[in-house]
S.K.: 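Dropping a structure here in structure tokens format, bear with me for questions.
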Amino acid sequence: MTLTQTDTAYTVATPTVHKPGPSRARRGLVKALRRLPVWILVAVLMVVVLYPQVWMVLGSFKTQSEFLSNPALSLPETWNFDNYVTALTNGNVARNWLNSVMVTIPSVLLIVFIGVAAGYALEVMIWKGRNGVLLYILAGIMVPGQMILVPLFITYFRIGITDTLWPLIITYTVMGLPLTTFLMATYFRSVPREIFEAATVDGSGPLRSFFVIGIPMMKNSIITIALVQFFSVWNDLLIALTFTTRPDLATIQVGLLSLSDEYGSTQYGPLFAAVSINIVVLLILFLTLNKKIMAGMAGGALKG
């Protein structure tokens with residue numbers, strides 16, 4: 001008996017050799033180098049934005065002679081607050097700032113409340129002719145405000161309210177409503193209609209749905225629009241200069257014009273101090289509500 005031995009073929013598995021990848025430090029360095037152009041661009045933008053404000057604040061400590069004789073980029077020789085005292089007393093900045101507050105807050109509240117209600121009525125509520133009304137309101141955006149200042153001044157004079165702050169409040173409210181109504185209608189369009197339909201099925205009326213559902217859901221959008229209108233009203237000069245008939249009714253922007261003598265010579269120190277007071281307050285307000293502004297700006301971008 002012959003035994004035949006057959007060779008069995010064996011497959012030898014060779015281990016796979018992995019090349020060592022880049023270390024974590026090297027990956028971090030590559031990632032940082034990729035972001036370096038973005039960081040440089042952000043740094044340049046920050047210098048461009050912050051440098052004028054820093055230069056203005058430093059200039060508020062200079063004397064008139066330093067402005068006229070020293071280089072523009074030089075630091076103040078002495079750090080004193082005489083310019084701020086002059087701006088608050090002789091420049092009447094404190095009274096002008098109070099007038100701006102008394103004009104801006106009622107105007108913004110009226111713009112926001114009426115605009116939000118109009119946007120809700122035009123987008124959520126269903127009634128005949130709402131599209132035509134929206135187009136009619138949008139036409140108000142196309143009308144330049146400069147065209148209606150003289151007729152408005154004549155109307156206010158005949159009514160007898162030119163010696164008050166009411167012309168400013170009424171004008172700011174009317175001129176801010178078209179844009180606010182359009183934006184709020186856009187924001188309400190991004191809210192699913194089923195939410196309001198479910199509230200209606202549960203027995204909620206239009207007024208209750210507006211206060212219980214509409215306003216809470218539009219919180220960030222309302223804050224954004226309120227800040228946009230606040231800066232628009234606060235920084236306005238043309239309307240305030242047109243309807244301001246007495247120095248004690250001047251707003252902060254009109255009051256800055258008074259920091260010149262009878263021959264037109266500008267007092268740069270008090271002027272820079274007054275502008276610094278104005279800018280720092282607005283900057284603090286903007287930085288405090290920055291996240292709300294960003295959330296409100298993105299609120300109407302997506303369809304729910």
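Computed from a predicted model, the values in this text were never measured in an experiment.
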S.K.: Taking all atoms of both residues into account, what is the closest heavy-atom pair of P52 and V48, and its distance?
M.R.: CD-O, 3.1 Å

S.K.: When rounded to the nearest 0.5 angstrom, what distance separates CZ in F182 from CG in L177?
M.R.: 15.0 Å

S.K.: Once ring pair (Phe, Tyr, Trp, His ring centres under 6.0 Å) is applied, do any residues pair with F113, and if so which ones, sequence neighbours excluded?
M.R.: none

S.K.: Mind running side-chain contact (heavy atoms from CB on, under 4.5 Å) on I137 and L122 for me, showing each step along the way?
M.R.: CA-CA 11 Å; I137 293 176; L122 291 171; 3.9 Å; yes

S.K.: Extract all donor-acceptor atom pairs below 3.5 Å that involve side chains of residues 148-155 and protein atoms in other chains or at least two apart in sequence.
M.R.:
from : atom 1 : to   : atom 2 : distance (Å)
T155 : OG1    : P151 : O      : 2.8

S.K.: Quick one: side chains of residues 37-45, donor-acceptor pairs under 3.5 Å with protein atoms, not counting sequence neighbours, listed by atom name and distance.
M.R.:
none

S.K.: According to a 4.5 Å side-chain heavy-atom criterion applied to Ile, Leu, Val, Met, Phe, Trp and Tyr, with indirect links allowed, do F210 and I126 form part of one hydrophobic cluster?
M.R.: no

S.K.: Excluding sequence neighbours, so at least two apart, what forms side chain to side chain donor-acceptor pair (under 3.5 Å) with D248?
M.R.: R246

S.K.: Please tell me whether V174 and V108 are part of a single hydrophobic cluster in this structure, the criterion being side-chain heavy atoms less than 4.5 Å apart.
M.R.: no

S.K.: Assigning hydrophobic clusters by single linkage (Ile, Leu, Val, Met, Phe, Trp, Tyr; side-chain heavy-atom cutoff under 4.5 Å), is V275 placed with V85?
M.R.: no

S.K.: Any non-hydrogen side-chain atom of L256 less than 4.5 Å from a side-chain atom of L271?
M.R.: yes

S.K.: Could you state the interatomic distance from CD (E66) to CD (Q64), rounded to the nearest 0.5 Å?
M.R.: 10.5 Å

S.K.: With rounding to the nearest 0.5 angstrom, report the OG1 to CD distance, T104 to Q229.
M.R.: 11.0 Å

S.K.: Indicate if V133 and V124 have the same hydrophobic cluster label, given that clusters are the connected sets of ILVMFWY residues with side-chain heavy-atom separations under 4.5 angstrom.
M.R.: yes

S.K.: Do L110 and I223 belong to the same hydrophobic cluster, where Ile, Leu, Val, Met, Phe, Trp and Tyr are linked whenever their side-chain heavy atoms lie under 4.5 Å apart, directly or via other members?
M.R.: no

S.K.: Nearest heavy-atom pair of G176 and I111: which atoms, and what distance?
M.R.: O-CG2, 3.8 Å

S.K.: Are M125 and R130 packed together at the side-chain level, in the sense that at least one heavy-atom pair is separated by less than 4.5 angstrom?
M.R.: no

S.K.: To the nearest 0.5 Å, how far apart are OH in Y268 and OG in S60?
M.R.: 15.5 Å

S.K.: Rounded to the nearest 0.5 Å, how far does CE of M175 lie from OG of S107?
M.R.: 12.0 Å

S.K.: Donor-acceptor pairs are to be reported for all side-chain atoms of residues 191-203 against protein atoms at under 3.5 Å, with residues two or more places apart or in another chain.
M.R.:
from : atom 1 : to   : atom 2 : distance (Å)
R193 : NH2    : E123 : O      : 2.9
T200 : OG1    : F196 : O      : 2.9

S.K.: When the side chains of residues 232-241 are checked against the rest of the protein, which donor-acceptor pairs come out under 3.5 Å, sequence neighbours left out?
M.R.:
from : atom 1 : to   : atom 2 : distance (Å)
W234 : NE1    : N278 : OD1    : 2.5
N235 : ND2    : F231 : O      : 3.0
D236 : OD2    : Y172 : OH     : 2.6
D236 : OD2    : I239 : N      : 3.1
D236 : OD2    : A240 : N      : 3.1

S.K.: So, for N96 and P247, which heavy atoms are closest and what is the spacing to 0.1 Å?
M.R.: ND2-O, 4.1 Å

S.K.: Strictly by side-chain hydrogen bond (donor to acceptor under 3.5 Å, both in side chains), give each pair with a member in residues 40-56 just once, sequence neighbours left out.
M.R.: none

S.K.: So which heavy atom on P270 is nearest to which on A87, and how close?
M.R.: O-CB, 3.7 Å

S.K.: Nearest 0.5 angstrom please: T181 OG1 to Y120 OH, how far?
M.R.: 15.5 Å

S.K.: Applying side-chain contact (heavy atoms from CB on, under 4.5 Å), name anything that partners P106, two or more places apart in sequence or on another chain.
M.R.: I169

S.K.: Using the test side-chain contact (heavy atoms from CB on, under 4.5 Å), find all partners of P71 that sit at least two apart in sequence or belong to another chain.
M.R.: S74

S.K.: Would you please name every residue forming a side-chain contact (heavy atoms from CB on, under 4.5 Å) with L183, sequence neighbours left out?
M.R.: L179, Y187, I225

S.K.: Please enumerate all residues that pass side-chain contact (heavy atoms from CB on, under 4.5 Å) together with I161, with sequence neighbours excluded.
M.R.: Y156, I159, T164, W166, P167, I170

S.K.: Find out whether S221 and F188 are in side-chain contact, i.e. whether some heavy atom of one side chain is under 4.5 Å from a heavy atom of the other.
M.R.: no

S.K.: Report yes if some heavy atom in the side chain of L98 is under 4.5 Å from a heavy atom in the side chain of M102; otherwise report no.
M.R.: yes

S.K.: Using the benzene-type ring in the case of Trp, are the ring centres of F61 and F272 under 6.0 Å apart?
M.R.: no

S.K.: Of all residues at least two apart in sequence or in a different chain, which pass the side chain to side chain donor-acceptor pair (under 3.5 Å) check with D82?
M.R.: none

